[in-house]
Amino acid sequence: GVNLELLAPAGGFEQLHAALSFGADAVYLAAERFGMRARAANFAMSQLPDAVEAAHSCGAKVYVTCNVMMSQGDLAQLPPYLEAVDASGADALIVGDLGAFALARKHAPSCALHVSTQASVANSEAAKMWHSLGASRIVCAREMTLEDIVHMREEIPDGLQIEAFVHGAQCMAVSGRCLISSYLTERSGNKGECTQPCRWNYSLEEEKRPGEHFPVDE
């Protein structure tokens, strides 16, 4: 039979306890940095072991996000971060960057490695390549259809898990690789600081019709 896992986000202790109370099989959360939800309360590294213990006491797993687009300056901070996540007892790391993935294999050996949706895995060959590098789960690109996911499942090893979003934001870019927020507000969605300008209301003013605004809809 099919073994389904209900996974819920936990932006802080309040959300963590809510997810556990309502029966989540697992939660994903961010520590102090390297997560895509920089505006959430998140968890201090010192709080991470308590969060993991709370989830484990309810029979739930904890996956820690490390899925921002990594720049060269991030690399020096990654090993101690990964080692702290590993020491917390977390079950897995969700990683989107190949370099971060390589460091996670070395510095967080107790954690399973899940490939983030930020990596835009949308086909079975990409999934199999990540699996060959040590991934135990692929979080599908959000652009995939149910039919796409079925075909991927048929082509990849049985031991490689597939995770798919069933609720959440659908970015106006490939799996969140978007520059609109960075351009308009200097806060990058690729660093977890998206201001979600794709949800704002816009109007267009034509140069020969001053004062007359036309709505812009997706």
Side-chain angles (χ1 to χ4, degrees), residues 1-68 70 74 77-97 100-119 121 127 130-131 133-140 142 153 156-169 192:
V2 177
N3 184 23
L4 289 177
E5 174 190 85
L6 177 62
L7 173 63
F13 272 110
E14 181 182 358
Q15 295 88 344
L16 171 64
H17 291 306
L20 297 174
S21 296
F22 283 93
D25 299 307
V27 295
Y28 66 95
L29 52 83
E32 293 165 345
R33 54 192 185 275
F34 302 129
M36 289 297 290
R37 297 180 174 196
R39 298 175 69 187
N42 296 324
F43 294 83
M45 292 306 297
S46 60
Q47 296 175 314
L48 201 53
D50 290 338
V52 172
E53 184 179 358
H56 285 178
S57 69
C58 295
K61 293 183 177 181
V62 175
Y63 310 144
V64 178
T65 58
C66 183
N67 56 349
V68 298
M70 299 291 171
D74 293 323
Q77 303 175 53
L78 273 169
Y81 168 84
L82 293 166
E83 288 165 6
V85 171
D86 197 58
S88 75
D91 298 281
L93 278 154
I94 303 173
V95 185
D97 178 84
F101 192 93
L103 289 172
R105 288 204 318 182
K106 179 179 180 181
H107 294 281
S110 300
C111 290
L113 296 177
H114 298 177
V115 180
S116 172
T117 187
Q118 303 303 130
V121 177
W130 280 107
H131 186 240
L133 297 174
S136 62
R137 179 181 298 190
I138 300 298
V139 186
C140 294
R142 283 168 282 175
R153 177 73 276 168
I156 65 176
D158 291 340
L160 179 56
Q161 300 172 341
I162 289 181
E163 178 182 317
F165 280 82
V166 295
H167 176 76

Q. Which pair of heavy atoms, one from Val52 and one from Gly89, lies closest together, and at what distance?
A. CG1-O, 3.5 Å

(Q) Let me confirm one number: the OG-OH distance from Ser116 to Tyr28, rounded to the nearest 0.5 Å. (A) 9.5 Å

Q. Is there a side-chain contact between Leu7 and Glu163, using heavy atoms and a 4.5 Å cut-off?
A. yes

Q) When rounded to the nearest 0.5 angstrom, what distance separates CG in Leu48 from CZ in Phe43? A) 8.0 Å

Q. If only atom types and distance count, is the side chain of Gln15 paired as donor or acceptor with the main-chain N or O of Gly12 below 3.5 Å?
A. yes

Q.
Once rounded to the nearest 0.5 Å, what's the spacing between atom CZ of Phe13 and atom CG of Asp50?
A. 5.5 Å

Q: Decide yes or no on side-chain contact (heavy atoms from CB on, under 4.5 Å) for Ser57 and Leu20, but give the supporting numbers first.
A: CA-CA 10 Å; Ser57 69; Leu20 297 174; over 6 Å; no

Q: Return yes when atom CD of Glu53 has more than 12 non-hydrogen atoms of other residues, nucleotides or ligands closer than 6.0 Å, and no otherwise.
A: no

Q. Minimum heavy-atom separation for Gly96 to Ala119, with atom names?
A. O-CB, 3.7 Å

Q) Are the side chains of Cys111 and Val85 in touch, meaning some heavy atoms are under 4.5 Å apart? A) yes

Q) Roughly how far, to the nearest 0.5 Å, is the CG atom of Asn67 from the CZ atom of Phe101? A) 13.5 Å

Q) Between atom CZ of Arg153 and atom CD1 of Ile138, what is the distance when rounded to the nearest 0.5 Å? A) 10.0 Å

Q: Under the side-chain contact (heavy atoms from CB on, under 4.5 Å) rule, what do Ser136 and His114 come out as? Steps first, then yes or no, please.
A: CA-CA 6 Å; Ser136 62; His114 298 177; 3.6 Å; yes

Q) Considering the options Thr117, Val115, Val121, Ile162, which one meets the side-chain contact (heavy atoms from CB on, under 4.5 Å) requirement together with Cys140? A) Ile162

**Q.** Distance, nearest 0.5 Å, that separates CG of Leu93 from OH of Tyr81
**A.** 6.5 Å

(Q) Could you check whether any side-chain heavy atom of Leu29 comes within less than 4.5 Å of a side-chain heavy atom of Val64, counting everything from C-beta outward? (A) yes

Q) Which is it for Leu82 and Lys106 under the side-chain contact (heavy atoms from CB on, under 4.5 Å) test, yes or no, and what are the steps along the way? A) CA-CA 9 Å; Leu82 293 166; Lys106 179 179 180 181; over 6 Å; no

Q) Looking at Val27 and Ala10, what are the two nearest heavy atoms and their distance? A) CB-CB, 4.3 Å

Q.
Is there a side-chain contact between Val62 and Leu16 in this structure, where contact means two heavy atoms from C-beta onward sitting under 4.5 Å apart?
A. no

Q. With a 4.5 Å heavy-atom cut-off, do Arg105 and Leu113 have their side chains touching?
A. yes

